[in-house]
Amino acid sequence: METTQILETIRMIEEEKLDIRTITMGISLLDCADSSGESARQKIYDKITRLAEKLVETGESIETEFGIPIIHKRISVTPVSLLIGASEEEDGAAFAQILDQAAKETGVNFIGGYSALVQKGYTAGDRRLIESIPEALATTERVCSSVNVGSTRSGINMDAVREMGRMVKQTAERTKDADGLGCAKLVVFANAVEDNPFMAGAFHGVGEADCVINVGVSGPGVVKRALEKVKGERFDVIAETIKKIAFKITRMGQLVGHEASERLGVPFGIVDLSLAPTPAVGDSVAHILEEMGLESAGTHGTTAALALLNDAVKKGGVMACSHVGGLSGAFIPVSEDAGMIDAVTQGALNLNKLEAMTAVCSVGLDMIAIPGDTPAETISAMIADEAAIGVVNNKTTAVRVIPVPGKTVGDTVEFGGLLGRAPVMPVSRESSAGFIARGGRIPAPIHSFKN
Amino acid sequence: MKAILTVIGKDNIGIIAGVSQKLADLQVNILDVSQTIMNGYFTMMMILDVTKATKNFGEIKKELADKGAELNVQIKIQREEIFSSMHSL
């Protein structure tokens with residue numbers, strides 16, 4: 001092996017912050033259903049703690065041996081609405097609390113799957129789960145919740161959209177001592193994927209195996225550094241460069257995923273090759289866009305730059321790995337990306353541009369702080385817009401906004417750690433209440449006549 | 001199990017001696033060595049066989065890092081697969 005290649009790998013890890021963002025164990029809870037809420041919860045706790053007992057330890061030993069940081073070890077479970085529905089339990093939040101306990105016992109930092117899929121309609125379990133989201137997120141620490149309100153095949157459930165606007169508001173209110181932090185653990189999806197290892201939107205789909213290992217890789221810093229070497233070159237060169245580097249990053253994910261799956265005796269699921277930024281210097285997706293020649297993320301050209309990046313990451317990664325899945329692309333969370341925070345603070349990036357960017361990035365409006373007095377209907381309308389982009393364009397979109405209680409435009413919220421800090425962004429002051437009050441379903445888009 | 005050792009730092013007397021003595025103490029076999037001065041920095045790589053090592057990987061890693069601190073260089077040890085999987089098909 002060549003010295004330069006060894007040094008390149010070491011530099012990517014040390015200086016450019018290449019890491020395995022998460023090893024997520026997906027666990028099916030379908031066999032834990034029980035008409036008694038109490039025994040269902042006992043089965044859930046037992047199954048999770050049994051299967052994930054060695055997850056954290058295994059992650060740490062792989063990290064030591066291969067010298068690549070594995071930032072998070074996490075668990076995703078079957079959408080819990082199915083278990084709430086099967087039980088006679090009225091109190092959905094009790095299920096969230098047992099998930100929290102299991103997460104603490106196994107040492108994972110998040111557990112996802114306090115979820116409901118209501119793109120076409122509600123079951124009794126979905127209803128109970130959604131109603132309990134504010135309580136669940138206020139009384140737990142590590143539980144993440146997601147609700148899928150639309151899909152390309154079934155359209156958008158506007159009743160759910162209306163309700164989720166209210167739930168986001170209530171969750172913020174219930175966690176107001178922590179600046180609405182509960183909302184950072186709540187995602188409203190359209191076209192949610194069933195094998196996403198990234199939080200807060202991870203859940204273990206019903207079509208998945210009993211237990212699988214999914215891996216999420218990251219490395220915006222590595223891409224940025226690679227582009228620094230091709231300054232002024234044509235886009236053909238830019239795309240090629242990103243593809244090559246995405247290939248290398250994904251190989252790490254494949255290696256770690258296989259190693260983890262072998263050691264844990266659990267099948268390997270997928271690698272999600274997403275560029276997931278952190279607030280750390282040199283770990284920003286916005287800075288990649290700026291490296292392409294934009295003065296600031298958010299200016300004209302940003303959407304095109306992001307489209308190129310998102311697509312090239314997928315193309316490079318797909319060949320590097322036996323199974324690619326999850327969200328795969330580039331994330332654009334505002335609070336978690338130093339470059340995005342700067343762009344918002346300078347006034348170069350606003351919500352309208354972010355919405356356009358979500359049409360070509362891998363998810364949607366992510367980790368955006370908005371004024372605490374934003375009406376629930378306005379949040380619902382933001383969800384509806386995002387869902388429409390996803391449903392019509394056949395992609396996953398999502399909304400994770402935080403209406404920060406007591407804060408308004410000009411304030412900044414510190415969430416700390418990887419969640420970062422968010423300048424409160426202005427939303428439109430014109431009401432969407434009449435639109436959201438209608439309810440019903442927006443029909444699925446036509447799948448022909450695509451011009 | 002094969003591993004790759006990298007030693008990077010300011011050149012000084014006794015780096016190779018110190019590192020190889022430590023590896024001998026740990027019962028780690030050296031399969032290949034390459035050493036150069038890159039941009040003024042002492043840069044050495046070794047391919048190691050750690051199959052017969054007396055300690056586990058975590059302990060070896062820590063002892064080598066301590067040795068590095070003593071010699072004023074940075075010593076890392078990583079399983080070989082991380083490099084081979086990244087750079088070859």
Side-chain angles (χ1 to χ4, degrees), chain A residues 1-16 18-20 56-70 215 217 219 222 226 243-263 268 271 273 316-322, chain B residues 1-9 11 15-16 19 26 28 30-51 53 55-69 73-89:
Chain A
M1 196 175 312
E2 286 183 32
T3 309
T4 49
Q5 292 179 334
I6 292 176
L7 290 176
E8 182 190 3
T9 304
I10 290 177
R11 199 191 59 236
M12 283 163 79
I13 294 169
E14 301 228 317
E15 294 170 27
E16 299 161 10
L18 170 63
D19 56 48
I20 301 296
V56 172
E57 182 189 318
T58 305
E60 282 166 358
S61 70
I62 293 173
E63 183 170 354
T64 303
E65 287 174 31
F66 291 93
I68 182 154
I70 300 172
V215 169
V217 293
V222 184
K243 274 157 61 180
K244 283 180 189 156
I245 211 78
F247 178 88
K248 291 179 180 175
I249 296 172
T250 310
R251 295 291 281 180
M252 297 294 90
Q254 166 89 356
L255 173 70
V256 168
H258 268 286
E259 195 68 30
S261 109
E262 213 162 273
R263 291 183 192 196
F268 171 63
V271 173
L273 41 119
V318 162
M319 192 184 153
C321 173
S322 53
Chain B
M1 192 196 330
K2 281 189 193 169
I4 301 226
L5 179 96
T6 46
V7 183
I8 300 171
D11 197 10
I15 299 177
I16 297 183
V19 173
L26 291 162
V28 172
I30 302 171
L31 302 174
D32 196 2
V33 187
S34 87
Q35 189 260 305
T36 177
I37 301 290
M38 234 184 226
N39 306 323
Y41 281 94
F42 175 92
T43 308
M44 176 167 74
M45 313 216 165
M46 287 178 167
I47 300 179
L48 307 174
D49 180 358
V50 293
T51 320
K55 299 193 166 162
N56 74 30
F57 204 94
E59 289 165 339
I60 295 173
K61 187 174 183 164
K62 173 150 195 321
E63 292 201 14
L64 286 167
D66 292 346
K67 190 77 198 172
V73 290
Q74 197 188 37
I75 305 184
K76 296 186 160 300
I77 180 166
Q78 287 157 281
R79 293 255 307 259
E80 186 212 13
E81 294 96 316
I82 188 154
F83 304 102
S84 52
S85 71
M86 181 181 272
H87 296 286
S88 60
L89 277 174

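Heavy atoms only: backbone and side chains are in, while hydrogens, waters and symmetry mates are out. Letters A, B, ... are given to chains in the order of the sequence lines, protein chains preceding strands, and every chain is numbered from 1.
- For B:Ile60, no part sits under 4.5 Å from any heavy atom of chain A, backbone or side chain.
- Heavy-atom distances place the side chain of B:Met45, and not its backbone, under 4.5 Å from chain A.
- A donor-acceptor contact shorter than 3.5 Å links the side chain of B:Lys61 to the backbone of A:Thr64.
- The distance from the CD atom of B:Gln78 to the CD1 atom of A:Ile10 is 5.0 Å, given to the nearest 0.5 Å.
- Counting heavy atoms from C-beta outward, A:Thr3 and B:Met38 have side chains that approach closer than 4.5 Å.
- Using a 4.5 Å cut-off between heavy atoms, B:Ser85 contacts chain A through both its backbone and its side chain.
- Using a 4.5 Å cut-off between heavy atoms, B:Gln35 makes no contact with chain A at all.
- Highest contact tally toward chain B, considering only A:Ile249, A:Thr250, A:Val256, A:Thr9, is held by A:Thr9 [criterion: heavy-atom pairs under 4.5 Å].
- Residue with the most contacts toward chain B among A:Gln254, A:Glu8, A:Glu14: A:Glu14 (heavy-atom pairs, distance under 4.5 Å).
- Taken to the nearest 0.5 Å, the CD1 atom of B:Ile82 stands 6.5 Å off from the CG atom of A:Leu255.
- Taking all atoms of both residues into account, the shortest heavy-atom contact from A:Leu7 to B:Ile8 is CD2-CD1, 3.7 Å.
- Between B:His87 and A:Ile6 the shortest side-chain heavy-atom distance does not fall below 4.5 Å.
- For chain A, the nearby part of B:Ser88 is the backbone; its heavy atoms alone come within less than 4.5 Å.
- Only the side chain of A:Ile13 comes within contact range of chain B, with at least one heavy atom under 4.5 Å from a heavy atom of that chain.
- Scanning for side chain to side chain donor-acceptor pair (under 3.5 Å) contacts around B:Glu63 gives B:Lys22, B:Lys55, with sequence neighbours left out.
- Highest contact tally toward chain B, considering only A:Met319, A:Glu259, A:Glu65, A:Met252, is held by A:Glu65 [criterion: heavy-atom pairs under 4.5 Å].
- Residues meeting the side chain to side chain donor-acceptor pair (under 3.5 Å) test with B:Glu81, sequence neighbours left out: B:Arg79.
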